[in-house]
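Taking it in order: structure first as structure tokens, then the write-up.
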Number of protein chains: 2
Amino acid sequence: MSNPRSLSKRERILDVAEELFALRGYDGVTLRQIAKGAGVDVALASYHFGKKLDLFNAVFERRAQLLNSARRDALRACQLSAGSEGPSVEQIIEAFLRPLELAQETGDPGWQHYLALIAYINNSPFWGPRMMSKLFDGLVSEFIAALRKALPDARDEDIYWCYHNLSGALTLTLAQTGRIDKLSSGKCRSSDFEAAYNHMIPFVAAGFRQVCGKGTSP
Amino acid sequence: MSNPRSLSKRERILDVAEELFALRGYDGVTLRQIAKGAGVDVALASYHFGKKLDLFNAVFERRAQLLNSARRDALRACQLSAGSEGPSVEQIIEAFLRPLELAQETGDPGWQHYLALIAYINNSPFWGPRMMSKLFDGLVSEFIAALRKALPDARDEDIYWCYHNLSGALTLTLAQTGRIDKLSSGKCRSSDFEAAYNHMIPFVAAGFRQVCGKGTSP
DNA sequence: CGCAGTTTTCAACAAGCGTTGAAATTTAAA
DNA sequence: TTTAAATTTCAACGCTTGTTGAAAACTGCG
């Protein structure tokens, strides 16, 4: 049945595919590049995953539940620790973002590649609509609902646009992990995850309050 | 020399390449697809532009100067209309963003495709570093300098992180133009651009002020 | 060991890729 | 109209792609 070597090779194919897809996109990577990177014959990818598109989807599915659970748990935790009026905007945004920072900081480069791949998908007019909602719609709805409670004066439309801005800022951060910002001449390293999120959270929270009303105090 | 038909075919190749590259990325589009879309033989793209990568670059160069000039003019205009203490954060961000909105609203779908292509590039770990700085570094430096003056208490590092968030929010907006979102399903599409920027500008300005100090009053 | 089942490689396929040289067509000027 | 240059098509090249069927190697079990 399942021996250590087979699991290892199957997993290695997923790892390499994850990394290369994140860098060059679906069409920019060949199965032969993936196989070579994994030290494996080309046909093995087809044996384990079927068509190339199935391998692409398998890469996403591998970590999707794990990530969604972590973010859902973070939201639940901050809801429990908050009073009956619910968590503040800052707390909700923090619950939305910190699990990603933690994933990036595990030291497992696979998580960085995976999140960069998510960013790639989110900004792709072709892949975005067909994959993002399947992966994240349920989770996002929960966060939107929490935000709606924390910002009782806001119109739904406003909350949506603010979430859009949050998603964009986050996406660029995920896409640029490891990259050095030339403009800031090194002051701003995208691999400095903590700095990125410590700046993003107050930035986004202030934006929400400005556009959606003050809400409950932080 | 230059006759209307030849210009037309050359231009049509650029138009179709622009649209398809924006949708599927560099590797997701073949010269044959572009040629078919333009109603032209495959070899004609090579005749006019050389290699596939040269065509890719030609698509960028066609509108780059026009766009950069518009944004630079907008910055100069708001600097002139402001007093000696310079424009506010809102005015600077508005100068940074409005020319893009205007380009999207020209009704020329080419501009929408072009801006979506810029978004694709910006979020691509492969293409981003090698193209974005060449296209926009000079312009961005001018805006950063203006922001530094409007936010005298801010550290450079903070300004760069805030700009990063602005760039991300903008990029996602450019990438998703024309897309229909569930939460805004009832809205009319022509007002989408205006709504996007009208929400983005106060959102981003509030973020800057929160992270970089209050600055001069709006 | 021997054997069944799983995993991995090998070899090859048809299709599509970017690119190119030469031929055909169109254009602009004389 | 004649002529030379610019444009466009044609036909084909060498190569790479994703995929597959059959052979080989490895696995755990009796």
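In what follows, chains carry the letters A, B, and so on, assigned in the order in which the sequence lines appear, proteins first and then strands, with residues in each chain numbered from 1.
- Taking for each of A:K52 and B:G39 the nucleotide of DNA chain D with the nearest heavy atom, the 5'-most of the two is the partner of B:G39.
- DNA chain C is contacted by no residue of residues 14-31 of chain A, taking any non-hydrogen atom closer than 4.0 Å.
- Rounded to whole Å, atom P of D:dT7 lies 15 Å from atom CZ of B:R12.
- For B:H48 and D:dA6, the shortest distance from a side-chain N or O to OP1 or OP2 is not below 4.0 Å.
- No side-chain N or O of A:N165 forms a donor-acceptor pair with one of B:H199 less than 3.5 Å apart.
- Between the CD1 atom of A:I13 and the P atom of D:dT19 there is a distance of 14 Å, rounded to whole Å.
- Taking atom CZ of A:F49 as the reference point, atom P of C:dT8 lies 11 Å away to the nearest angstrom.
- Relative to the axis of its first five pairs, the axis of the last five pairs of the helix from C:dC1-D:dG30 to C:dA30-D:dT1 sits at 10°, rounded to 10 degrees.
- If you take CZ of A:R10 and P of C:dT7, they are 9 Å apart, rounded to a whole angstrom.
- For the pair B:D15 and B:R62, the salt-bridge criterion is met [side-chain N within less than 4.0 Å of a carboxylate O].
- Looking at residues two or more places apart in sequence or on another chain, you find a ring-ring contact (aromatic ring centres under 6.0 Å, His included) between A:F60 and A:F56.
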Intermediate values then yes/no, salt bridge (charged side-chain N to carboxylate O under 4.0 Å, His left out), A:E142 and A:R71: CA-CA 10 Å; A:E142 294 187 35; A:R71 297 174 92 180; over 6 Å; no
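- Remark: A:F96 pairs with A:F143, A:Y163 by the ring-ring contact (aromatic ring centres under 6.0 Å, His included) rule, at least two apart or across chains.
- Spacing between atom CG of A:L44 and atom P of D:dC26 amounts to 14 Å, rounded to whole angstrom units.
- In this structure A:S167 satisfies the side chain to side chain donor-acceptor pair (under 3.5 Å) test together with A:N122, sequence neighbours excluded.
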Would you tabulate the nitrogen or oxygen pairs shorter than 3.5 Å linking the protein to nucleotides 20-25 of chain C?
residue: C:dT20; atom: OP1; partner: B:K51; partner atom: NZ; Å: 3.1

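- Taking the ring centre of A:F126 as origin, the terminal cationic atom of A:R130 falls inside the region bounded by 6.0 Å and 45° from the ring axis.
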Take B:Q79 and B:L75 through the side chain to side chain contact (heavy atoms under 4.5 Å, CB included) test and state the conclusion after the steps. CA-CA 6 Å; B:Q79 283 172 326; B:L75 177 61; 3.9 Å; yes
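- Looking at B:R32, its side chain has no donor and acceptor atom pair within 3.5 Å of the base of C:dG16.
- D:dT17 atom C1' lies 15 Å from atom CG of A:L55, rounded to whole Å.
- For the pair A:K36 NZ and D:dG18 P, the interatomic distance rounds to 14 Å; values are reported in whole Å.
- Not one N or O on the side chain of B:S46 forms a donor-acceptor pair closer than 3.5 Å with the backbone of B:V42.
- Between the B:K52 side chain and the B:Y26 main chain, a donor and an acceptor come within less than 3.5 Å of each other.
- Checking B:Y114 against B:E19 by side-chain atom types alone, no donor-acceptor pair falls below 3.5 Å.
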